[in-house]
Number of protein chains: 2
Amino acid sequence: MDRIEPALQWNDSPAACLHGLGVSACADCRVRQISVCAALDPHELTEIDSLSHPTAFPAKSTLFTQEDPASAVFNITEGMVRLYKLLPDGRRQIVGFALAGDFLGLALLDRYGVSADAITDTKVCRFSRSAFTAFLDKKPHLLRRLHEFASHELSLAQDQMVLLGRRTADERIAAFLMSLKERFARIGHTSITLPLPMSRQDIADFLGLTIETVSRTFSKLAKSGVIVVVPDGVRLTNLAQIKALATR
Amino acid sequence: MDRIEPALQWNDSPAACLHGLGVSACADCRVRQISVCAALDPHELTEIDSLSHPTAFPAKSTLFTQEDPASAVFNITEGMVRLYKLLPDGRRQIVGFALAGDFLGLALLDRYGVSADAITDTKVCRFSRSAFTAFLDKKPHLLRRLHEFASHELSLAQDQMVLLGRRTADERIAAFLMSLKERFARIGHTSITLPLPMSRQDIADFLGLTIETVSRTFSKLAKSGVIVVVPDGVRLTNLAQIKALATR
DNA sequence: CGTGTAATTGACATCACTCAACCCTAGTGG
DNA sequence: CCACTAGGGTTGAGTGATGTCAATTACACG
């Protein structure tokens, strides 16, 4: 499932860099077609390849925090990342889960504004922000693609506002499962068994609930036969029902 | 305060168009410096001027709804607009209030995805989406500015997720007042008396609360001397306290 | 001076939260 | 091989912040 060219060895240490090993990552990048890079022609691909620093982050490591100066931007090629904001007293709101094909640092601002941790082992193409923006200045079609990505993010954020402001716990869980399922489908994972690599606490902090409410709601849905809770995931046994809950 | 050139007569009917009356709106546009148009040089300004359809929407009229094909984009020059999403059962989440200088239709998608109503009498520069995107294709620096606007919107949306997911009613109201005050300051209104042209129901639907909770919270803050509720607004008599509540 | 709409206030209900106990699994070390 | 531990997850009992329903007030408008 997670095919990696034998020559393409990813280092386990955080921020390990493969650039300069004679490995052409872009040429056989599995997420190229769905990432921002789809806007680039073969020649441009070799150009950006030379700017790219393939990097691996182990599970639970930090990509950046909300106060960090945004020195780099990231194209996720594998894994899952949580993006979140912390309040001074420790309350946390996860604003999104980023998957393969997603781009971090869209805003191109001086500070990230959100923190990002790898949930699973994660691989990214890292670019220095200055190099990336310089490249961007020469490639309006890439900027256009970046804008489309940002617009899509904004649209997801608006959906999440509806969820957080106006939906019940049941509906939040159902909508979460549906949207995650759709996102996994987009990157080629179409099983009705939905992997949930994040913790219950992560789900709670994404949905504006407590861990206990998340757990109880899973149990309730399981008892009514809509889902089956399995290790590190759920089977969506009654999709119609979940969809009904999610869009109600 | 709301200076209008005498020659620049705005029609009261919805979607009234002034283009072709020999009125050059851009030349003396009050929001040019803070809107997306700040990216344009004088020559480009005359170009976009010829694409612009100055339009007035009376209070309570609809600019567009979430299902509408996005045939136009809008630059708000005056007034206030609510942007919201409706669930099938009528629950509503306001995802933002748009003020002078804000741009509607940033995503450049086929559907708006959100609905927009004028709260006060509102004036906009309307552009057909096809004409605007065609213009955009020739002006990468305008696209860059549009992207900055979208990124800023995304950042606001993330802040709103924190508010909706993790803050108490008191904190939501305080944060709402602070952020609205800052936005009004940006467009030149710096008084400690903050106009609230939207209804309590609008505020409730923005903050994920009920109208009663909004009303009670205003009363509570007023009783503790932090604000004074006045017709169509509030006086922020203890800014430090409000800021403390808002950022806690 | 009535009428209608928005806002406020009060009384009560409820959904989700808090606090606490318990369970399950994986890892560790005897 | 099994006892022990630690961390994450589940479940239960009780509480509380916010929602619901209803009555009252304030204000704008004819």
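Chain naming here is simple, since letters A, B, ... match the order of the sequence lines and numbering starts at 1 in each.
Not counting sequence neighbours, the partners of Tyr84(A) by the side chain to side chain donor-acceptor pair (under 3.5 Å) test are Asp117(A). Partners of Asp68(B) by salt bridge (Lys or Arg N to Asp or Glu O under 4.0 Å), not counting sequence neighbours: none found. Listed by chain and number, the residues in a side chain to side chain donor-acceptor pair (under 3.5 Å) with Arg166(B) are Asp205(A) (sequence neighbours excluded). Every side chain to side chain donor-acceptor pair (under 3.5 Å) that Glu67(A) has, sequence neighbours left out, goes to Thr65(A). The side chain to side chain donor-acceptor pair (under 3.5 Å) search around Arg91(B) returns Glu171(A), Asp89(B), not counting sequence neighbours. Residues meeting the salt bridge (Lys or Arg N to Asp or Glu O under 4.0 Å) test with Asp202(A), sequence neighbours left out: Arg82(A), Arg92(A).
When heavy atoms are screened at a 4.0 angstrom cut-off, Ser215(B) is found touching base atoms of the nucleic acid.
One axis for each end of the helix from dC1(C)-dG30(D) to dG30(C)-dC1(D), each built from five base pairs, and the angle between them comes to 30° at 10° resolution.
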statement: Per-nucleotide protein contact along nucleotides 12-28 of chain D, 5' to 3', at a 4.0 Å heavy-atom cut-off (B base, S sugar-phosphate only, - neither), is BB----SSBB-------
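Rounded to whole angstrom, the span from the CD1 atom of Ile119(A) across to the P atom of dG8(D) amounts to 14 Å. For the pair Gln201(A) CD and dG8(D) C1', the interatomic distance rounds to 11 Å; values are reported in whole Å.
The main-chain N or O of Ala246(A) is found under 3.5 Å from a side-chain atom of Arg167(A) such that the two form a donor-acceptor pair. Between the Gln93(A) side chain and the Phe206(A) main chain, a donor and an acceptor come within less than 3.5 Å of each other.
Counting heavy-atom neighbours within 6.0 Å of Arg111(B) CZ, excluding the residue itself, gives a total above 12.
Within the structure, side chain to side chain donor-acceptor pair (under 3.5 Å) contacts touching residues 225-247 of chain A (residues at least two apart or in different chains) are Thr193(A)-Arg235(A). Counting only residues at least two apart or in different chains, side chain to side chain donor-acceptor pair (under 3.5 Å) contacts with residues 219-230 of chain A comprise Asp170(A)-Lys220(A).
Bounding nucleotides for the chain B contact on DNA chain C, 5' to 3', at a heavy-atom distance below 4.0 Å, are dA7(C) to dA11(C).
Residues Phe149(A) and Phe103(A) keep their aromatic ring centres 6.0 Å or farther apart.
Contact record, Val31(B) with Ile76(B): CG2-O, 3.8 Å, taken as the closest heavy-atom pair.
A heavy-atom distance below 4.0 Å to DNA chain C is reached by none of the residues of residues 80-91 of chain B.
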